[in-house]
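In what follows, a structure is listed as structure tokens, so that the remarks can point back to it.
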Amino acid sequence: MLRVQPDPFDPGMEANAFAARAAGAGAIVTFTGIVRDTDARLAAMEIEHYPGMTERAIAAMMDQARSRWSLTDALVIHRHGRLAVGETIMMVATAAPHRAHAFAAAAFLMDYLKSRAPFWKKEMGVAGTSWVAAKDDDEDALKRW
Amino acid sequence: MLRVQPDPFDPGMEANAFAARAAGAGAIVTFTGIVRDTDARLAAMEIEHYPGMTERAIAAMMDQARSRWSLTDALVIHRHGRLAVGETIMMVATAAPHRAHAFAAAAFLMDYLKSRAPFWKKEMGVAGTSWVAAKDDDEDALKRW
Amino acid sequence: MIDVLYFAWVRERIGLPRERVATTAATVAGLVAELSAREDRYALAFSDLTALRVAVDQELTTFDAPLAGVREVAFFPPMTGG
Amino acid sequence: MIDVLYFAWVRERIGLPRERVATTAATVAGLVAELSAREDRYALAFSDLTALRVAVDQELTTFDAPLAGVREVAFFPPMTGG
């Protein structure tokens, strides 16, 4: 399941609903990304996206994850728009018979979401706004898959 | 935080409470293990443990995870006693500034919990009971750390 | 006519999120050259192509991608989702 | 006197979860030899040590571990938690 939305969501409730749907899975891995204020200078974050391409790109990643690992289910929820510090940006969940598959698929989806899904983060700080720069680390992370 | 208990718990609620405590973490990974009925022959599972050593062993694993990765928090909840099919056996959660650390620490804790925490699973099947045998895969998984 | 979309700081530099462009360019690179010749704000936005990514009909591609039959081209910086 | 604990199928084969044992054995292996000599159910439980794990004072160790000053020894099959 895939949702791209401006509205907040409850990650625990989503994880429980996902687990209830994922019949036959012994292992569920979730990742949750949260707006973090590293040095107390961030007021909010604005996430821009490319409607249409976002959904296509994430659906393609999920298909790839399903083809590479034995998953009984997968979930991606990603917000866009304005988010306050401490708010949940996105979550990924994977369900599999075996834990190694659930872990690998969740890490794969995260690495691809970071660098290949059309989202752009802008930090609204106390000293102005700035676009978050892509990290070489994130690009490098794709090489392992 | 570490809990070894016979009582059921709500993994989504635990994950949300964990996220609320993990101030400063941008990345949270959870793993949930569920009693799985692979071929419709399992009625229930009984988990035996070694009180005292269980807590010591898991606390030592969590210390090791904290020393190897930058974690803002870690959580392990593991049940013992009788569990029905579909019930949650255990969960691990890790919170970190960066996703790679949260993923690695959660996978590390799972690998160690599988093979180094004193729990033993017994399957209560329609055709009798049997102790779950340790898998070579699980022992091998420790070698990567 | 092709729909050309801009995101993040590319959108801010050019000053609009999308526009319809009549072009005879054969490739994305040709379209970039045409746009850059229009006005400084375009030239500035496209001054360093290594800092940009391009999608054609909502698929990531490279600047040498052909434009024949294409409906939508989007320019944006490297993604920072997740 | 040492507390000796048994878990999982080791407990089932020996037929009790724990007992106090008076031993003069210097190592875990020596204790295993003493117990195995007692009765068939012990000999059976300890017949293949590669299938067993041992903890001394709640720390995993090996069968050559010394028993001097030890309060608690536990025998069990490989763990299957998680």
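All chains are named by letter (A, B, ...) in the order of the sequence lines, taking the proteins before the strands, and each is independently numbered beginning at 1.
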Portion of Ile89(A) that has a non-hydrogen atom of chain C nearer than 4.5 angstrom: side chain

Under 3.5 Å: donor-acceptor pair, side chain of Lys121(A), backbone of Met79(C): no

So for Arg11(C), is it side chain, backbone, both, or neither that comes closer than 4.5 Å to the heavy atoms of chain A? side chain

Looking at Gly82(C), is its backbone amide N or carbonyl O close enough to the side chain of His78(A) to form a donor-acceptor pair, meaning the two atoms are under 3.5 Å apart? yes

From CD (Gln58(C)) to OG1 (Thr54(A)), nearest 0.5 Å: 8.5 Å

Crowding at CG, Asp7(A) (>12 non-hydrogen neighbours, <6.0 Å): yes

Separation between CG of Leu5(C) and OH of Tyr50(A), rounded to the nearest 0.5 Å: 5.0 Å

Closest heavy-atom pair and its distance - Thr80(C), Val132(A): CG2-O, 3.4 Å

For Asp48(C), I'd like to know if atom CG has over 12 heavy atoms of other residues, nucleotides or ligands within 6.0 Å. yes

For atom CE of Met1(A), decide whether the heavy atoms of other residues, nucleotides or ligands shown that lie under 6.0 angstrom number more than 12. yes

Please classify the contact of Lys122(A) with chain C as side chain, backbone, both or neither, using a heavy-atom distance under 4.5 Å. side chain

Evaluate the ring planes of Trp120(A) and Phe76(C), with Trp represented by its six-membered ring, and classify them as parallel (under 30°), tilted (30 to 60°) or perpendicular (over 60°). tilted

Side chain, backbone, both or neither: which part of His80(A) has a non-hydrogen atom closer than 4.5 Å to chain C? neither

Bottom line for Ala133(A): the part with an atom under 4.5 Å from chain C's heavy atoms is backbone

Is Arg116(A) close to chain C through its backbone or its side chain, or both, or neither, when contacts mean heavy atoms under 4.5 Å? both

Which bit of Ala117(A) is near chain C, if near means a heavy-atom gap under 4.5 Å: side chain, backbone, both or neither? backbone

Taking atom CG of Leu60(C) and atom CZ of Arg56(A), what is their separation to the nearest 0.5 Å? 11.0 Å

Do other residues, nucleotides or ligands put more than 12 heavy atoms under 6.0 Å from the CZ atom of Arg71(C)? no

Determine the minimum heavy-atom distance between Ala55(C) and Met53(A), stating which atoms define it. CB-SD, 3.6 Å

